[in-house]
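Numbering of ligands and ligand atoms starts at 1, following listing order. Residues take their numbers from the sequence shown, with the count starting at 1. Computed from heavy atoms alone, side chains included, the values below leave out hydrogens, waters and symmetry copies.
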Amino acid sequence: MKKELIFEGNEKRVYATENPDQVIFHFKDVMVAYNNVKRARLTGKGVVTNKISAFLLGYLNDCGIPTHFIKRIDEREQLCRKIEIIPLEVVFHNRMAGTLAAKLGVEDGFKPSNTIVDLCYNNDELGDPLVNSDQAVALSLASYDELEVMFSIAKRAGKLLSELFHKAGIELVDAKIEFGRASDSGQIIISDEISPDTCRLWDEQTGERFDKDRFRLDLGDIIPAYNLVLERLESI
Ligand code: C5P
């Protein structure tokens, strides 16, 4: 049973439940970008991101990758394991796009022969800066052992998700993964969401973007693109 609100973010609410180790995630019809500078209300956004994230996190669970996701409750909500947030973001890149491409002066979509894994400090005031493991440990954000687990999970999840999206004719260009410590065991598990809000997803045939870049770059048709991602995943 849903109890008190324990967190309200831009795009989500988190509620307590009768079980101290479980929470309910509620997905709102709000989209934000560029460190919350750009924001919009988009009808249906919460429903489609809830469904896509439930699909992807459920798939990772089934593959033996630990995530906070337990089950989807309804159109907008999912039951999740309670975590202590680790304020770090692991971003893996199959291609260089967005911030990384701009920073390194390569064309947007440059495909290197390797996969790149970055670590960022999840801190809005600082603009989520890139950090290395030594800096993350120095700030007591995580231990070296925890970081090793996070990188290992992120790489395995990245490979699994890339293969899954490929079956849907979609290229996973990059993705951000967040982690937490499960409140019941301290286990490091994937938290938050994985969706077109947190990944770049390009059509394999046409290169068309099906992700939050449609919002960032004012390309329009955001919700139809998200719905198409869901349809293609569900038809695998
Ligand atoms: O913004 P940037 O180009 O670094 O984003 C890399 C990937 O991480 C993109 O898929 C983006 O949507 C995601 N990301 C995110 N949340 C952030 C920063 C990036 O989901 N705070």
Side-chain angles (χ1 to χ4, degrees), residues 7 9-12 25 27-28 30-40 42 45-46 48-50 52-53 56-57 60 67-68 85-112 114-132 136 141 150-151 153-155 157-162 164-165 168 170-180 190-204 207-219 222-223 225-226 229 233:
F7 169 81
N10 288 308
E11 295 163 308
K12 263 162 271 160
F25 257 55
F27 289 72
K28 303 199 277 189
V30 175
M31 186 169 279
V32 297
Y34 301 127
N35 210 359
N36 309 334
V37 170
K38 185 167 178 167
R39 93 174 9 241
L42 292 170
K45 190 259 179 178
V48 69
T49 46
N50 178 33
I52 294 173
S53 192
L56 297 175
L57 293 176
L60 291 178
T67 83
H68 75 159
I85 291 172
I86 298 176
L88 289 167
E89 298 174 341
V90 181
V91 187
F92 69 86
H93 308 259
N94 289 320
R95 287 182 187 266
M96 293 187 184
T99 314
L100 182 62
K103 185 178 79 173
L104 298 184
V106 297
E107 62 168 308
D108 199 76
F110 172 75
K111 184 143 177 59
N114 58 338
T115 299
I116 299 161
V117 181
D118 284 333
L119 186 67
C120 296
Y121 179 17
N122 191 349
N123 182 315
D124 284 351
E125 274 176 39
L126 300 176
D128 300 338
L130 198 63
V131 289
N132 62 29
L141 305 177
M150 289 163 60
F151 283 127
I153 292 177
K155 283 181 193 159
K159 191 164 180 293
L160 285 163
L161 293 174
S162 301
L164 181 73
F165 276 114
I170 294 171
E171 181 172 353
L172 180 62
V173 171
D174 58 26
K176 179 227 27 166
I177 299 186
E178 293 189 25
F179 292 88
I190 293 179
S191 63
D192 199 44
E193 68 175 288
I194 301 181
S195 77
D197 271 9
T198 63
C199 301
R200 284 196 172 87
L201 301 168
W202 294 358
D203 185 279
E204 282 184 352
E208 192 183 348
R209 294 165 193 255
F210 298 144
D211 56 69
K212 198 186 254 191
D213 274 349
R214 299 204 72 80
F215 177 61
R216 294 189 188 100
L217 307 174
D218 294 320
L219 300 177
I222 301 160
I223 301 307
Y226 280 35
V229 170
L233 286 173

Contacting atoms of ligand 1, where contact means under 4.0 angstrom from a heavy atom of C199: 10 (O)
Closest protein heavy atom (residue, atom, distance) for atom 4 (O) of ligand 1: T99 OG1, 3.1 Å
Enumerated ligand 1 atoms positioned under 4.0 Å from heavy atoms of G98: 3 (O)
Y226 six-ring centre to K45 NZ/CZ under 6.0 Å and within 45° of normal: no
Short side-chain to backbone donor-acceptor contact, D128 and N123, under 3.5 Å: yes
Residues K212 and E11 bridged, charged N to O under 4.0 Å: yes
Numbered atoms and elements of ligand 1 in range of D197, under 4.0 angstrom, heavy atoms: 12 (O), 20 (O)
Test item, R216 contacting ligand 1 (heavy atom, 4.0 angstrom): yes
Residue and atom name of the nearest protein heavy atom (relative to atom 10 (O) of ligand 1), distance in Å to one decimal: D174 OD1, 2.6 Å
Backbone of E89 reached by a side-chain donor or acceptor of N122 within 3.5 Å: no
Test: D108 and R200 ion pair at under 4.0 Å: no
Test item: R95 side-chain N/O and G109 main-chain N/O as donor-acceptor pair under 3.5 Å: yes
Atom 8 (O) of ligand 1 [closest protein heavy-atom partner, distance rounded to 0.1 Å]: K176 CB, 3.6 Å
Numbered atoms of ligand 1 (with element) below 4.0 Å of D128, judged on heavy atoms: 21 (N)
The one among E193, E89, K103, R200 that brings a heavy atom closest to atom 5 (O) of ligand 1: R200
Flag: protein heavy atom within less than 4.0 Å of atom 19 (C) of ligand 1: no
I116 atom CD1, neighbour heavy-atom count above 12 within 6.0 Å: yes
